Participant: 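Attaching a single structure in structure tokens format; questions to follow.
Since we're looking at a predicted model, the values are computed, not measured.
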Amino acid sequence: VALNNIGNILRDQSKFHEAIQYYINGLAIFEELQYMKGIAGTNNNLGVVYMYMKDYSKTFIYSEKALRISTEIGLTPEIKEAALALYEVNKEMGNHKRALEMHELFISCRDSIQSDESRKDVIRQEYKYQYETQKLIDDAAYEKQLAIEQEAKEKQQIITFATASG
């Protein structure tokens with residue numbers, strides 16, 4: 001993961017050849033560990049850096065591999081990134097039908113991710129509401145218990161004073 005992060009920084013600084021070396025080193029580690037999510041993500045990163053370099057054949061190779069792996073294991077964010085790169089490369093290469101397919105896949109994944117985020121937000125809001133409601137109930141019960149205890153204490157004091165003075 002750290003090698004990919006360094007590669008991303010180098011890519012953002014337009015140091016593409018250096019970024020590629022970090023990605024390839026990271027990819028070797030992920031492949032040795034058989035960590036498919038890392039393999040898919042690194043292939044996406046390589047596809048993107050080659051896209052910046054306008055090496056469309058390598059973009060195509062790495063992005064297709066990322067798409068295949070991501071699809072096999074159901075990684076929607078990685079599918080989205082691979083589909084975007086493949087849309088761009090197919091558009092540049094004049095493969096308009098494939099570009100359209102990849103654009104549609106990109107949009108579908110993007111919408112799915114946004115829908116999942118919205119669903120999670122609704123669930124968070126429901127839990128927050130339930131928590132706040134329960135807290136109000138608990139606070140009211142606690143206040144009532146304090147009042148009962150205070151009343152009992154006052155009654156005890158009255159009895160004590162009455163017994164002591166009488």
Side-chain angles (χ1 to χ4, degrees), residues 1-140:
V1 175
L3 294 174
N4 270 339
N5 290 340
I6 294 169
N8 290 341
I9 291 167
L10 292 168
R11 181 194 63 209
D12 293 345
Q13 295 173 347
S14 299
K15 296 178 181 178
F16 301 131
H17 294 288
E18 292 175 55
I20 289 169
Q21 289 308 308
Y22 279 92
Y23 291 143
I24 289 173
N25 291 337
L27 183 60
I29 293 169
F30 288 139
E31 287 174 341
E32 184 178 321
L33 298 172
Q34 297 180 1
Y35 181 53
M36 301 310 283
K37 182 177 180 181
I39 294 169
T42 305
N43 275 287
N44 268 332
N45 289 338
L46 283 161
V48 169
V49 79
Y50 281 116
M51 174 68 77
Y52 288 149
M53 296 171 67
K54 299 195 183 309
D55 187 338
Y56 300 129
S57 63
K58 287 187 180 176
T59 298
F60 186 80
I61 290 167
Y62 285 108
S63 297
E64 279 289 339
K65 186 174 180 183
L67 179 63
R68 182 181 49 78
I69 293 168
S70 300
T71 302
E72 286 174 5
I73 57 178
L75 300 171
T76 304
E78 284 78 7
I79 294 170
K80 180 187 87 154
E81 295 306 317
L84 179 60
L86 288 167
Y87 159 69
E88 294 289 340
V89 75
N90 279 291
K91 185 175 76 171
E92 288 295 324
M93 295 172 71
N95 301 330
H96 301 294
K97 182 179 178 191
R98 182 71 173 153
L100 177 61
E101 290 170 3
M102 290 297 102
H103 186 67
E104 289 172 346
L105 179 58
F106 167 76
I107 297 298
S108 174
C109 289
R110 184 196 66 194
D111 291 350
S112 175
I113 291 167
Q114 288 174 345
S115 176
D116 287 346
E117 298 280 327
S118 296
R119 203 173 10 251
K120 287 176 186 175
D121 283 344
V122 167
I123 291 169
R124 274 189 217 102
Q125 289 173 4
E126 286 176 6
Y127 279 123
K128 182 180 177 185
Y129 173 77
Q130 290 173 359
Y131 169 78
E132 290 173 351
T133 302
Q134 188 62 47
K135 185 174 182 329
L136 288 173
I137 292 168
D138 292 346
D139 288 350

Participant: Working to the nearest 0.5 angstrom, can you tell me the gap between Asn44 CG and Tyr62 OH?
Facilitator: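 Answer for the CG-OH pair, Asn44 versus Tyr62, is 12.5 Å.
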
Participant: Can you confirm whether Gln13 is buried at CD, in the sense that more than 12 heavy atoms of other residues, nucleotides or ligands lie under 6.0 Å from that atom?
Facilitator: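 Yes, CD of Gln13 has more than 12 neighbouring heavy atoms, counting only those of other groups under 6.0 Å.
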
Participant: Ile24 versus Leu46: any side-chain heavy-atom pair under 4.5 Å?
Facilitator: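 SC-SC contact between Ile24 and Leu46 confirmed.
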
Participant: Could you check Ile69 against Ile73 for side chain to side chain contact (heavy atoms under 4.5 Å, CB included), going step by step and ending with a plain yes or no?
Facilitator: CA-CA 6 Å; Ile69 293 168; Ile73 57 178; 4.3 Å; yes

Participant: Mind checking whether Phe106 and Tyr87 have ring centres under 6.0 Å apart?
Facilitator: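 Here the rings of Tyr87 and Phe106 have centres that are no less than 6.0 Å from each other.
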
Participant: How long is the span from the CZ atom in Arg68 to the CG atom in Asn43, to the nearest 0.5 Å?
Facilitator: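 Those atoms lie 8.5 Å apart.
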
Participant: Could you check whether Asp138 and Gln134, counting side-chain N and O atoms only, form a donor-acceptor pair closer than 3.5 Å?
Facilitator: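 Side chains of Gln134 and Asp138: pair found under 3.5 Å.
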
Participant: Between Glu72 and Lys37, does any NZ, NE, NH1 or NH2 come within less than 4.0 Å of an OD or OE carboxylate oxygen?
Facilitator: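 The answer is no: the pair does not qualify as a salt bridge.
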
Participant: Identify the heavy atoms of Met51 and Thr59 that sit nearest to each other, and give their distance.
Facilitator: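 So the minimum-distance heavy-atom pair works out to N-OG1, 2.9 Å.
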
Participant: Side-chain contact, heavy-atom cut-off 4.5 Å: Glu31 with Thr42?
Facilitator: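 When only atoms from C-beta onward are counted, Thr42 and Glu31 do not touch, as no gap falls below 4.5 Å.
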
Participant: Do Met53 and Ile20 come within less than 4.5 Å of each other through their side chains, counting heavy atoms only?
Facilitator: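 Yes, close enough: below the 4.5 Å cut-off.
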
Participant: Rounded to the nearest 0.5 Å, how far apart are SG of Cys109 and CD of Glu104?
Facilitator: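 One finds 12.0 Å between SG of Cys109 and CD of Glu104.
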
Participant: Counting only N and O atoms by type, is there a donor-acceptor contact under 3.5 Å from the side chain of Ser112 to the main-chain atoms of Ser108?
Facilitator: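 Here the side-chain-to-backbone pair does not exist.
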
Participant: For Tyr22 and Asn5, which I'm curious about, is there any donor-acceptor pair between the side chains at under 3.5 Å?
Facilitator: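 No - no donor-acceptor pair under 3.5 Å links their side chains.
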
Participant: Checking Leu3 against Tyr23 for the side chain to side chain contact (heavy atoms under 4.5 Å, CB included) test, could you report, in this order, the C-alpha distance in whole Å, the side-chain angles of both residues, the deciding distance, and whether it holds?
Facilitator: CA-CA 6 Å; Leu3 294 174; Tyr23 291 143; over 6 Å; no

Participant: Could you measure the distance from the CD1 atom of Ile107 to the NE2 atom of His103? Nearest 0.5 Å is fine.
Facilitator: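 The distance works out to 4.0 Å.
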
Participant: Rounded to the nearest 0.5 Å, what separation is found between the CG atom of Leu75 and the CE atom of Met36?
Facilitator: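 Going from the CG atom of Leu75 to the CE atom of Met36 covers 9.5 Å.
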
Participant: Can you pull out every salt bridge (charged side-chain N to carboxylate O under 4.0 Å, His left out) where at least one residue sits in residues 86-99? Sequence neighbours excluded, please.
Facilitator: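 Those involving residues 86-99 are Glu64-Arg98, Glu88-Lys91, Arg98-Glu101.
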
Participant: Any idea which heavy atoms bring Ser63 and Ala82 closest together, and the distance?
Facilitator: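 Minimum heavy-atom contact is O-CB, 3.7 Å.
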
Participant: Using 0.5 Å steps for rounding, measure from the OH atom of Tyr52 to the CZ atom of Arg11.
Facilitator: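 If I round to the nearest 0.5 Å, the distance is 5.0 Å.
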
Participant: Less than 4.5 Å apart, side chain to side chain, heavy atoms only: is that true for Asn90 and Phe60?
Facilitator: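 Asn90 reaches Phe60 side chain to side chain.
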
Participant: Below 30° counts as parallel, above 60° as perpendicular, anything between as tilted: where do the rings of Tyr35 and Phe30 land?
Facilitator: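 Correct class here is tilted.
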
Participant: Test of understanding: with ring pair (Phe, Tyr, Trp, His ring centres under 6.0 Å), list the residues that count as partners of Tyr56, not counting sequence neighbours.
Facilitator: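 Expected list: none.
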
Participant: Taking the side chain as every heavy atom from C-beta outward, state whether Val89 and Leu86 have any pair of such atoms under 4.5 Å apart.
Facilitator: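 They are in side-chain contact.
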
